[in-house]
2 protein chains.
Amino acid sequence: MKALSQVGKYGLRALLYLVAYPPKNQYLSIREISDELGLSFHFVTKIFRELTEKGILISYRGPSGGIALAKPAEEIMLIDVIKALEGEDYFDKCLIGLPHCGTAKPCPVHEFWKEVKTKMQKNFSETSLALLGEKIRTMEVRLDD
Amino acid sequence: MKALSQVGKYGLRALLYLVAYPPKNQYLSIREISDELGLSFHFVTKIFRELTEKGILISYRGPSGGIALAKPAEEIMLIDVIKALEGEDYFDKCLIGLPHCGTAKPCPVHEFWKEVKTKMQKNFSETSLALLGEKIRTMEVRLDD
DNA sequence: CATATTTAAGAGTATTTAATCTTAATTAAG
DNA sequence: CTTAATTAAGATTAAATACTCTTAAATATG
């Protein structure tokens, strides 16, 4: 199941790198992130520009510039990132694509699909970037490969 | 969340129409299905050709020809259809796209994502086309709009 | 102030997915 | 046997997504 676009996948991985390996300086360069994760520098730059516009990152140009979280990692929830990367309507889609599917006009799998989406929304709303960063740092989990 | 491609969405809707409104004759024409659901005849034809190759449908050419389920609707599970339309590896994908993500090398959201996929697999494995057809026929749910 | 480093912006290209079109093959019915 | 109805097959086109490239703007440092 391809639940995220490449923008979503790469953006999330790149953000998690920033959270897991916070720089000594105020800013971490996009180049370091893209190099470390083996992602296209230009593509990550484009994605991060969007996250900056949406208030999840702040950026600074020039030498020793880069990007940084706009808020403490504890206050940024996974759901914020996913909605920023995939669209605010991410959890509003009918599985079989019926535009008016909803309580009033449910599709054949509406109730079940709503359960799945609710489970995801709940988990993503409770998961902070700080928590994920900590999991990565303690080597419980991985960000590349 | 876009969990299915257009092929998956249209294919499933078209199949469900067949199940919900079984023809008097042995075969139902693709033209009727695509007309009724407002889908492209040619696109549905192409999708159905795949489902025929994969043994979910049988087809018959010529006047009063069309397509029909290869097995009783009770014996075709939603999961079979989704795997046929989206690929056998549909439930094997890492949320953030890491190729080697798994128990040995989990990504930061591996465990949760596995739960979601397991829930879906379980439900889709227990849901027959017959059940969905019945829901549609009794007007509990809808297939267009 | 000159230079190097970094992100910003957007144009450009490539790939994948979606949809359409054309022609062939099959078959029923007059 | 001719015609019409239907799916099969694959070529073609369109659109969306995924990247890549170029140039500009900002800024630190010598």
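Labels below follow one simple rule: chain letters A, B, ... track the order of the sequence lines, proteins then strands, and each chain is numbered from 1. All values derive from a computational prediction rather than experimental measurement.
- Separation of atoms CD1 (A:I67) and CD1 (A:I33) is listed at 4.0 Å; rounding is to 0.5 Å.
- A:L85 places none of its side-chain heavy atoms less than 4.5 Å from the side chain of A:L4.
- Between B:S40 and the phosphate of C:dT20, there is a side-chain N or O to OP1/OP2 separation shorter than 4.0 Å.
- Note on A:Y60: only backbone sugar-phosphate atoms sit closer than 4.0 angstrom, heavy atoms only; bases stay farther off.
- With D:dC19, C:dT20, C:dA28 as the candidates, the nucleotide lying closest to the side chain of B:S64 is C:dA28.
- Side chain to side chain, A:E32 and A:Y21 fail the donor-acceptor criterion of an N or O pair below 3.5 Å.
- Between the side chain of A:K46 and the base of D:dT20, at least one donor-acceptor pair of N or O atoms lies under 3.5 Å.
- Using a 4.5 Å cut-off on side-chain heavy atoms (C-beta onward), B:I58 and B:Y27 make contact.
- The residue among A:P63 and A:F48 whose nearest nucleotide of DNA chain C lies closer to the 5′ end is A:P63.
- The separation between B:R49 atom CZ and C:dA25 atom P is 14 Å, rounded to whole Å.
- In this entry the distance linking NE2 of B:H42 with C1' of D:dT12 reads 13 Å, nearest Å.
- The CD atom of A:E50 sits 12 Å away from the P atom of C:dA9 (whole-angstrom rounding).
- Comparing A:S5 and A:G62, the nucleotide of DNA chain D nearest to each residue sits closer to the 5' end for A:S5.
- When rounded to the nearest whole Å, the span between CG of A:L28 and C1' of C:dT6 equals 12 Å.
- Base engagement by A:F41 is indicated by at least one non-hydrogen atom pair under 4.0 Å involving a base atom.
- Atom CG in B:L51 sits roughly 14 Å away from atom C1' in D:dT7 (whole-Å rounding).
- Regarding B:Q6, its CD atom lies at a distance of 14 Å from the C1' atom of D:dT17, rounded to whole Å.
- To the nearest angstrom, C1' of C:dA18 lies 13 Å from NZ of A:K2.
- You'll find that the side chain of B:E53 is closest to D:dA9, out of D:dA9, C:dT6, D:dA18.
- Note on ring orientation: taking the six-membered ring where Trp is involved, the planes of B:F112 and A:F124 are perpendicular (angle over 60°, cut-offs 30° and 60°).
- One finds a side-chain N or O of B:Y10 lying less than 4.0 angstrom from the OP1 or OP2 phosphate oxygen of C:dA19.
- Computed from coordinates, the B:N25 CG to C:dA28 P distance equals 13 Å when rounded to whole Å.
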